[in-house]
Peer 1: 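Handing you this structure, nothing more for now.
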Amino acid sequence: KKGEAYEYFLKGEYEILKKNFRNADKYYIKALSLSPDSPTILQSLVDLKSYQGKYPEAIQYLEKIMELEPDNKDSGLALYELYIHEGDTIKAELVLNAILTYYPGDHDILFSRANTQFSNQNWSNLLKTYRDIYSSDPEQDNILIKIYEIGLSTGNIASVREILWELKA
């Protein structure tokens, strides 16, 4: 069955090269029906659906990849980006939190989370994310300034004091 799935997958890849996306989609779907837990086939469908602007479908395939490979940072970040594109910042942040359990202190993930929190004006969590960034890399002096500025502009002085004392210790 997996050999047959691989055949259909390769036919899909060939159709992509010919820019025949409709046929590629059919072959990928057939391959997936024969091997439903294949991250490779799922990723090809993500790429195709994203290229076609069919983001809800791409999200479904990425969610399946994350079920199969919860520590897949690249797929997690791609899913985050699609959730943001679709305006679902809650799911976006949940994905980041999930992959942070596998990659604590990862700056790509932490800065993405900070961007979402900034967009949502979630100041108290943003301050905590900046704390986490600084804790994982004390050379990030600009983060201390951001913590201070956000604390002042949002009235979170007590929170800033607490974070700065914690970082000083």
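Positions are given from 1 along the sequence.
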Peer 1: State yes or no: do L79 and L94 share one hydrophobic cluster built from I, L, V, M, F, W and Y residues joined by side-chain heavy-atom distances below 4.5 Å, directly or via other members?
Peer 2: no

Peer 1: So, using side-chain contact (heavy atoms from CB on, under 4.5 Å) as the criterion, who are the partners of E162 when residues are at least two apart?
Peer 2: none

Peer 1: Of the non-hydrogen atoms in L127 and G151, which two are nearest, and what is the gap between them?
Peer 2: CD2-N, 4.3 Å

Peer 1: Would you give the length of the straight line joining atom CD1 of I99 to atom CG of D106, rounded to the nearest 0.5 angstrom?
Peer 2: 7.5 Å

Peer 1: Please report the interatomic distance NZ(K64) to CD(E69), rounded to the nearest 0.5 Å.
Peer 2: 11.5 Å

Peer 1: Can you sort out the partners of E57 under salt bridge (Lys or Arg N to Asp or Glu O under 4.0 Å), two or more places apart, ordered by chain and number?
Peer 2: K49

Peer 1: Tell me which pairs pass salt bridge (Lys or Arg N to Asp or Glu O under 4.0 Å) where either residue lies in residues 115-133, with sequence neighbours left out.
Peer 2: R113-D132, R131-E166

Peer 1: Is any side-chain heavy atom of N125 closer than 4.5 Å to one of N120?
Peer 2: no

Peer 1: Just wondering, are more than 12 heavy atoms of other shown residues or ligands nearer than 6.0 Å to CD1 in I90?
Peer 2: no

Peer 1: Please list, chain by chain and in numerical order, all residues satisfying salt bridge (Lys or Arg N to Asp or Glu O under 4.0 Å) with E63, sequence neighbours excluded.
Peer 2: none

Peer 1: Applying side-chain contact (heavy atoms from CB on, under 4.5 Å), name anything that partners S136, two or more places apart in sequence or on another chain.
Peer 2: H107, L110

Peer 1: I'd like to check Y28 versus E13 (side-chain heavy atoms, cut-off strictly below 4.5 Å). Are they in contact?
Peer 2: yes

Peer 1: Side chains of Q121 and T154: does their closest heavy-atom pair fall under 4.5 Å?
Peer 2: no

Peer 1: How far apart are the closest heavy atoms of F9 and S44, and which atoms are they?
Peer 2: CE1-OG, 3.1 Å

Peer 1: Sequence neighbours left out, what passes salt bridge (Lys or Arg N to Asp or Glu O under 4.0 Å) with D47? Give chain and number order.
Peer 2: none

Peer 1: Under the ring pair (Phe, Tyr, Trp, His ring centres under 6.0 Å) test, which residues partner Y103, sequence neighbours left out?
Peer 2: none

Peer 1: According to a 4.5 Å side-chain heavy-atom criterion applied to Ile, Leu, Val, Met, Phe, Trp and Tyr, with indirect links allowed, do L34 and L45 form part of one hydrophobic cluster?
Peer 2: no

Peer 1: Could you pull out the closest heavy-atom pair between S75 and I65, with the gap in Å?
Peer 2: OG-CG2, 3.5 Å

Peer 1: What distance separates L48 CG from E15 CD, expressed to the nearest 0.5 Å?
Peer 2: 11.5 Å

Peer 1: Output the distance between atom CD1 (I59) and atom CD (E81), rounded to the nearest 0.5 Å.
Peer 2: 11.5 Å

Peer 1: Under the criterion side chain to side chain donor-acceptor pair (under 3.5 Å), I'd like the reasoning laid out for Q117 against T129: C-alpha separation, chi angles, the key distance, then a yes or no.
Peer 2: CA-CA 9 Å; Q117 291 165 337; T129 298; 2.6 Å; yes

Peer 1: To the closest 0.5 Å, what do you measure between CG (L82) and OG (S50)?
Peer 2: 5.0 Å

Peer 1: Taking distance alone, no hydrogens or angles, what donor-acceptor pairs closer than 3.5 Å link side-chain atoms of residues 137-148 to residues at least two apart or in another chain?
Peer 2:
unit_1	atom_1	unit_2	atom_2	d
D137	OD1	E139	N	3.2
D137	OD2	Q140	NE2	3.4

Peer 1: F118: what forms a side-chain contact (heavy atoms from CB on, under 4.5 Å) with it, not counting sequence neighbours?
Peer 2: W123, L126

Peer 1: Check whether D88 reaches the backbone of K91 with its side chain - one donor and one acceptor, N or O, closer than 3.5 Å.
Peer 2: yes

Peer 1: Could I get the full list of side-chain contact (heavy atoms from CB on, under 4.5 Å) partners for S112, not counting sequence neighbours?
Peer 2: L77, Y80, L96

Peer 1: Would Y51 and Y27 show up in the same hydrophobic cluster when neighbours are defined by side-chain heavy atoms closer than 4.5 Å?
Peer 2: no

Peer 1: Looking at every non-hydrogen atom in both residues, tell me the closest pair between A58 and V46 and how far apart they are.
Peer 2: O-CG2, 3.8 Å

Peer 1: Here's one to test your reading of the geometry: is the NZ or CZ of K11 within 45 degrees of the ring axis of Y14 and under 6.0 Å from its centre?
Peer 2: no

Peer 1: Using modelled atom types and a 3.5 Å cut-off, is there a donor and acceptor pairing between side-chain atoms of N72 and backbone atoms of D74?
Peer 2: yes

Peer 1: Locate the shortest heavy-atom distance separating G76 from M66; write the atom from each residue and the value.
Peer 2: N-SD, 3.4 Å

Peer 1: Looking at residues at least two apart in the chain, or sitting in another chain, which of them share a side chain to side chain donor-acceptor pair (under 3.5 Å) with E86?
Peer 2: none

Peer 1: Could you tell me whether the side chain of L167 reaches within less than 4.5 Å of the side chain of S135, counting heavy atoms only?
Peer 2: yes

Peer 1: Can you name the salt bridge (Lys or Arg N to Asp or Glu O under 4.0 Å) partners of K54, sequence neighbours left out?
Peer 2: none

Peer 1: Side chains of F21 and I16: closer than 4.5 Å at any heavy-atom pair?
Peer 2: yes

Peer 1: Evaluate the side-chain proximity of Y8 to I29: yes if any heavy-atom separation is below 4.5 Å, no if none is.
Peer 2: no

Peer 1: Could you tell me whether the side chain of S35 and the main chain of L32 form a donor-acceptor pair under 3.5 Å?
Peer 2: no

Peer 1: Tell me whether V160 shares a hydrophobic cluster with L152, the cluster being built from Ile, Leu, Val, Met, Phe, Trp, Tyr side chains joined at under 4.5 Å.
Peer 2: no

